[in-house]
Structure formats: structure tokens, C-alpha cells
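Here the structure comes first, spelled out in C-alpha cells, and everything after it is commentary.
Residues: numbered from 1 along the sequence shown.
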Amino acid sequence: QLQLVESGGGSVQPGGSLRLSCVASGFRLDSYAISWFRQAPGQEREGVSCVSGATTSTFYSASVKGRFTISRDNAQNTVYLQMDNLNAEDTGTYYCAARDRCIYELTALTTLYSYWGRGTQVTVAS
């Protein structure tokens with residue numbers, strides 16, 4: 001079965017850190033660009049970051065740039081999202097998705113991506 005599985009979510013206080021993982025099963029991640037998205041209750045899904053497959057170029061939304069770091073370990077078939085200095089606005093369900101290349105605007109339109117994970121919850125509260 002071809003799928004992406006996210007993990008690493010949880011509850012953290014403002015200023016804290018979490019590292020999310022996106023693991024692929026049934027296919028190799030190294031030929032795909034992997035994007036992270038998040039969705040807060042009652043809000044639209046928004047793009048957070050992307051790492052390309054071929055060049056490992058990275059892209060970030062303005063709201064997370066300087067605080068989040070995306071990376072990939074092709075040997076582990078995994079992409080990570082290191083999230084530092086978290087704040088309440090970072091709360092939401094985080095999803096990873098795969099397609100052939102990054103979309104600079106981090107568009108969250110579901111049909112643009114070949115695979116989606118089911119998400120992992122991140123809650124930032126004091």
C-alpha cells in the first residue's frame with residue numbers, strides 16, 4: 001500500500017519545539033518533493049514548507065521562516081519538519097504530501113499532490 005504517515009505531533013508550551021516525521025511506505029521518497037501543510041479548526045489548509053527531491057531546495061511560508069526547518073533522509077525514506085519557537089498560531093493538524101516538484105507558493109490544493117498523509121496533531125498552549 002502506497003502511503004505517507006506523519007508522526008511526532010503533541011502538546012507543547014509556547015517557545016517549545018517539536019520534530020515531525022513523514023515516512024513513506026510502498027514507494028521511495030527520494031524522487032518526490034515533500035511538502036508540509038497545516039490546518040487549524042475552522043480554517044483552510046495552508047502550506048508550511050517544501051523540500052525538493054532532486055536538488056533538496058527548500059521553501060517556507062512567511063509565518064514559519066526562521067523557526068521551522070525541513071530536511072530529508074532518503075536512506076530512511078523520511079522527511080522531517082523541525083519546529084522551534086512554537087506559538088499558539090502554529091496549532092493545527094500537520095500533513096505531508098508528495099508530488100514531482102515543489103510549488104513555490106505552497107498551494108494546498110489536494111489534487112495537485114500524488115500522496116497525502118492523514119496528519120498529526122500539534123497543540124501549542126501554556
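- Within the model, atoms CD of Glu6 and OG1 of Thr93 stand 9.5 Å from one another, a figure rounded to the nearest 0.5 Å.
- The two residues Gln39 and Gln43 make their nearest non-hydrogen contact at NE2-O, 3.1 Å.
- Of all the heavy atoms in Asp90 and Arg67, the pair that sits closest is OD2-NH1, 2.8 Å.
- Side chains of Cys102 and Phe59 form a contact here, defined as non-hydrogen atoms less than 4.5 Å apart.
- Within the model, atoms CG of Leu86 and OG1 of Thr123 stand 11.0 Å from one another, a figure rounded to the nearest 0.5 Å.
- In summary, Glu46 and Arg38 engage in a salt bridge, as defined by a charged side-chain N under 4.0 Å from a carboxylate O.
- Here Tyr113 contributes atom OH and Tyr95 contributes atom OH; the two are 14.5 Å apart, rounded to the nearest 0.5 Å.
- Taken from CD in Gln121 to OG in Ser11, the straight-line distance is 8.0 Å, to the nearest 0.5 Å.
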Query raised in the report: Is there a side chain to side chain contact (heavy atoms under 4.5 Å, CB included) between Tyr32 and Tyr115 once you walk through the steps?
Result: CA-CA 10 Å; Tyr32 289 87; Tyr115 306 103; 3.7 Å; yes
Less than 3.5 Å apart, which donor and acceptor atoms pair up between the side chains of residues 17-26 and the rest of the protein, not counting sequence neighbours?
unit_1 : atom_1 : unit_2 : atom_2 : d
Ser17  : OG     : Asp84  : OD1    : 2.8

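- Once rounded to the nearest 0.5 Å, the distance linking CZ of Phe37 with CG of Leu106 reads 6.5 Å.
- The shortest distance between side-chain heavy atoms of Val48 and Met83 does not fall below 4.5 Å.
- Side-chain contact between Phe27 and Asn77 is absent, with no heavy atoms from C-beta onward closer than 4.5 Å.
- Heavy-atom minimum distance, Gly47 versus Ser61: O-CB, 3.5 Å.
- Contact of the Ser49 side chain with the Leu81 side chain is registered, since non-hydrogen atoms from C-beta on lie closer than 4.5 Å.
- A continuous path of ILVMFWY side-chain contacts below 4.5 Å connects Val122 to Ile70, so both sit in one hydrophobic cluster.
- A donor-acceptor pair under 3.5 Å links the side-chain atoms of Ser52 to the main chain of Ser57, judged by distance alone.
- Looking only at distances, no side-chain donor or acceptor of Arg72 sits under 3.5 Å from a matching main-chain atom of Ala33.
- The two residues Ile34 and Ala98 make their nearest non-hydrogen contact at CD1-CB, 3.5 Å.
- Under the 4.5 Å side-chain heavy-atom criterion for ILVMFWY residues, a single connected hydrophobic cluster contains both Tyr94 and Tyr60.
- Between atom CG of residue Leu29 and atom CD of residue Gln76 there is a gap of 11.5 Å, rounded to the nearest 0.5 Å.
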